[in-house]
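All heavy atoms count here, side chains included; hydrogens, waters and symmetry mates do not.
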Amino acid sequence: HGQVQLNTNGAITAVLGNNTYQLTCTHSGLTESQIQLLSLKLVKDGVHLVVIPPFSFSGANVTVNATMSSRMSVVRFTANNPTTTVTFQFTKCGDEGTYTWVGFYYDPTSGASQVSQTQDITVKALPGFEPVDSVLSYTPNTNIAVGDKVTFTCSGDVGNNPVGVLAWFYFREGEVTPVDESSNAVSTAPQVSRKCSRSRSSTLELTLTRDMYNMVVRCTVQQDRRTSDGEGHITALYKTDT
C-alpha cells in the first residue's frame, strides 16, 4: 500500500442562504484491517463538527455537533466506499473558514497514527439590490434646464465574494441601447452591510442635453455579470422642464 492520505473535494464557494453544499473526504493507502479501525473527524476552529467511529464498532454512531445537526447530514465511509460526504442544507456566514479532516488509524510500525487534510469554504453573498433595499435620488430635481448639471446618487447592497460594483446607464427616450456612464461615476469603498455582505454608494454627475428629455437613468449592481441589467438595478425617469 502507498502513503496514507485524505483527499477532499477542494475549496468550496457556498452561496449564503437556502443553498446546499458538500464537503467530501476520501481515504487512500490503508489496508483492509486498517480501514476496519479507521475513525474520522471534521474540525473547524478547534470545534469537532463530525465524529465518525470505526464501522467495525457495532452500535457506534456518527455524531454531529448540536449547533449543526439541524442543517448537516453525513454519509460515512464504509468497507466498500472510502468517501465520507458532509452536506450542509443551508449556508450561514459563519460557515466560511478552514475545515480540517483528521483520520486516526493504527500503523503496524509506528502504532497509533493520524493523517489530516484541510479545505476552505468561502461564503458568497448575492447582491440584495432591489428597489425596496436600494436608493436612487438626484439633485436638483426641479427647474432644470439644458446645460444644468444634475447629480445622481445610488446606494445599495452589492454582495460579497466578490464584492459587486455599481454601474450607471441611461436610456434616451425611445432608445433600447443604453449609454454607459459607469466610467464617469465615483463610488465609495465597500462597507459591511447585512450579514456578511457589503454595501456601496455611487455618484454620477450628468450635464443635461436636449436629447436627455424623458431619459431613464439606471443604477445597476454587477457582481458576476457585466450587463446593463446587472444582477439587479433601480431606475429613475428623468424629465427636464425645458
Side-chain angles (χ1 to χ4, degrees), residues 1-32 34-105 113-128 157-164 192-198 223-225 231-232:
H1 279 258
Q3 186 184 4
V4 177
Q5 288 183 323
L6 299 179
N7 291 297
T8 72
N9 57 336
I12 303 287
T13 297
V15 178
L16 183 68
N18 193 17
N19 298 290
T20 65
Y21 63 96
Q22 291 184 329
L23 305 184
T24 67
C25 176
T26 304
H27 66 76
S28 61
L30 294 166
T31 65
E32 273 186 48
Q34 286 176 317
I35 293 169
Q36 293 276 339
L37 297 174
L38 174 68
S39 64
L40 196 59
K41 291 178 181 175
L42 180 62
V43 183
K44 178 175 184 271
D45 301 329
V47 177
H48 289 62
L49 301 181
V50 179
V51 178
I52 302 171
F55 60 79
S56 58
F57 290 16
S58 59
N61 293 323
V62 173
T63 56
V64 176
N65 189 291
T67 62
M68 308 292 275
S69 56
S70 64
R71 62 187 184 99
M72 181 190 278
S73 59
V74 181
V75 178
R76 61 159 302 150
F77 68 91
T78 64
N80 306 316
N81 180 3
T83 300
T84 296
T85 302
V86 172
T87 302
F88 290 72
Q89 305 293 352
F90 187 93
T91 305
K92 294 188 174 182
C93 289
D95 294 347
E96 185 159 295
T98 299
Y99 292 70
T100 304
W101 294 93
V102 187
F104 301 88
Y105 64 99
S113 304
Q114 67 181 70
V115 59
S116 64
Q117 184 63 264
T118 61
Q119 64 183 131
D120 292 324
I121 291 177
T122 301
V123 174
K124 175 178 182 172
L126 299 178
D157 185 295
V158 295
N160 197 18
N161 290 326
V163 176
V192 176
S193 61
R194 66 184 167 94
K195 46 183 196 285
C196 64
S197 192
R198 299 289 182 271
Q223 186 182 45
D224 298 316
R225 280 206 302 275
E231 270 93 0

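Nearest heavy-atom pair, Lys41 versus His48, reported as atom, atom and distance to 0.1 Å: CD-CD2, 3.2 Å. Of all heavy-atom pairs spanning Pro162 and Lys124, the tightest one is CD-CE, 4.3 Å. Tyr105 and Gln34 make their closest contact through CD1-NE2, 3.9 Å (heavy atoms, listed as atom of the first residue, atom of the second, distance). Across all their heavy atoms, Phe77 and Leu38 have their closest contact at CZ-O, 3.3 Å. Between Cys196 and Val123, the shortest heavy-atom contact is SG-CG1, 4.3 Å. Residue Lys92 comes nearest to Leu16 through the heavy atom pair C-CD1, 3.9 Å, listed as atom of the first residue, atom of the second, then distance.
Side chain of Thr118 to backbone of Thr98: no donor-acceptor contact under 3.5 angstrom is found. Panel note: side chain Gln119, backbone Gly10; a donor-acceptor pair is recorded below 3.5 Å. Between the side chain of Glu231 and the main chain of Arg225, a donor-acceptor pair closer than 3.5 Å is present. At least one donor-acceptor pair closer than 3.5 Å links the side chain of Gln223 to the backbone N or O of Ala125. The main-chain N or O of Thr122 is never found under 3.5 Å from a side-chain atom of Thr13 such that the two would form a donor-acceptor pair.
Atom CH2 in Trp101 sits 11.5 Å away from atom CD in Gln117 (nearest 0.5 Å). Between Ser116 atom OG and Leu40 atom CG the span is 11.0 Å, to the nearest 0.5 Å. Between the CD1 atom in Ile35 and the OG1 atom in Thr78 there is a gap of 9.5 Å [rounded to 0.5 Å]. The line from CG of Asn9 to OG1 of Thr85 is 8.0 Å long, rounded to the nearest 0.5 Å. To the nearest 0.5 Å, the span separating CG on Leu42 from CG on Leu23 amounts to 6.0 Å. Note that CZ of Phe55 and CG of Asn81 are 10.5 Å apart. Values are rounded to the nearest 0.5 Å.
With Val74 as the partner, the side-chain contact (heavy atoms from CB on, under 4.5 Å) test is satisfied by one option alone out of Val86, Thr87, Val51: Val86.
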Derivation and outcome, side-chain contact (heavy atoms from CB on, under 4.5 Å), residues Val47 and Met68:
CA-CA 11 Å; Val47 177; Met68 308 292 275; over 6 Å; no
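You'll find the side chain of Val50 reaches within 4.5 Å of the side chain of Val62, heavy atoms only. With a 4.5 Å cut-off on side-chain heavy atoms, Ser73 and Gln89 count as touching. Side-chain atoms of His27 and Val4, non-hydrogen and from C-beta on, never get closer than 4.5 Å to each other. The shortest side-chain heavy-atom distance between Ile121 and Lys44 does not fall under the 4.5 Å cut-off.
Looking at residues two or more places apart in sequence or on another chain, you find a ring pair (Phe, Tyr, Trp, His ring centres under 6.0 Å) between Tyr21 and Phe88.
A side-chain N or O of Asn65 and one of Thr67 form a donor-acceptor pair less than 3.5 Å apart.
Sorted by first then second residue, the disulfide bond (SG atoms under 2.5 Å apart) pairs that include residues 47-83, not counting sequence neighbours, number zero.
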